[in-house]
Amino acid sequence: MKKNETCGEKRFFLVSLGCPKNLVDSEIISGNLLSSGWTLTADPEDASLFVINTCAFIPSARQEAAEEIASAAAWKEAAPGRRIMVSGCLTRYDSRVREEYPCVDFWTGPGDVARVAEIIGGASPAPECAYCHDEKTPMLQLTLPHVAYLKIADGCGNGCAYCIIPRLRGALRSRPAKSVLNEARTLVANGVREIVLVAQDTTVYGADRPGSGETLAGLLAQMDRLDGDFRVRLLYTHPAHYTEELIGALSSCEKVYPYLDIPLQHISDRILSAMNRHITSGEIRALLKKLRARIPGLVLRTTFITGLPGETEEEFRELEDFVREQKFERMGVFPYAAEPGTRAAAMPDQVPAAVAEARAQKLMKAQNARMKRLCGRLAGQEMRVLVDHVEDGVAVARGVWDAPDIDNAILIPHVGKSSVGSWQLVRVVGRQGCDLVAERIRRGAK
């Protein structure tokens, strides 16, 4: 009998799609299967189970999921006894999706990540998405050994008019601070040097548990007191939920990078109101001014959406002017895409997709030019960076400016592989596109 001619071999192959929050779910899926006697393989030909953890946030994510399912279907047809599991947000996006893919054996949602082995054994998927893991949940870290994503909450209640996340992920569910801190301690003890905090909205951490007194500011302060040479990076913060307490913590916590990811989405008051962003243009400007003044060396990353229904040329120019004025260190832009069931999808004056795309490209073209000029101004500066990997004697590293798999990199020639996962002091000597080129400052050098 040839290998994999029966499904008795408990080996699984995993494809994780989407954002870092989804990657944490994939780590939980892997941990659940491993603790139930399965073995992870990097070669689908060695597997009897093909697991795809999907994202369904935007059309391109759903298309990517469809392509992976098609690939898995061909894999399944190639040998008897093979099975497919599709997990994640796609399973909650539209119940009809299951009819499109009869090749799929198991459908599991975001609330089932710690129960996939049970579902393979015959248990039913959860009807609602109400799960939140803790530090005792079996997990397999799927990132570089020295970098980890730590999910502090799941779900969302912001109700942005264009977004389907509450439907996919359910209501806000914050983990107790004790659980988060215990997981952080374990990560640092295992050699993690950068902990990236993620949630659908990290700034509302604890708001669903008002009696606990737990807030993001308090959590950061406690993480700052943990032992170890590590840094904390904060992603997915909402501009409407910054408080004086949080700004104070960000300005005083030494282990928290002065890097803030704040998706602003737009600056026109009318568009912000239509988006249901709970903040005005004036409040955004005041917040950014305060953050710049209070947090030394602050790096701001943001994202915008172009082409929301009704967005006029004048409102787009207002956004252009704002981006030019603020000079964001890092930025991304998404053209609006109507999501069925959202309020924005039913709005009048839908902007043609080509117009939304052209506006997004125009913003990013200007941003890329700004980033190249900024790289030039960084020449001669010294930075402490974390080496992610080494290719042909060139280290690919990141500092405060760059989140893993999102932003840019710092390239350091003449570095050995033994430096992977270590902190290095470097001096910027040039750029390569939007990446920096640096040289190591050896111990004792001035």
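Keep in mind that what you see is a predicted model, and the values were worked out from it rather than measured.
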task: Over 60° means perpendicular and under 30° means parallel, so classify the ring planes of F304 and F322, tilted if in between.
output: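 Correct class here is perpendicular.
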Look at the side chain of [X] and the backbone N and O of [Y], then say whether any donor-acceptor pair between them is shorter than 3.5 Å.
X    : Y    : result
Q141 : V147 : yes
T41  : F12  : no
S273 : R270 : no
D435 : I410 : no
T202 : L235 : yes

Ionic contact status for [Y] with [X], cut-off 4.0 Å:
X    : Y    : result
R301 : D261 : no
E244 : R294 : yes
D25  : K151 : yes

task: Would you tell me whether Y205 and T215 have side-chain atoms, one donor and one acceptor, within less than 3.5 Å of each other?
output: no
query: Is the NZ or CZ atom of R62 both under 6.0 Å from the centre of the six-membered ring of Y93 and within 45° of that ring's axis?
result: yes
Decide if atom [atom1] of [X] counts as having more than 12 heavy atoms of other residues, nucleotides or ligands within a radius under 6.0 Å.
X    : atom1 : answer
F334 : CZ    : no
D229 : CG    : yes
Q432 : CD    : no

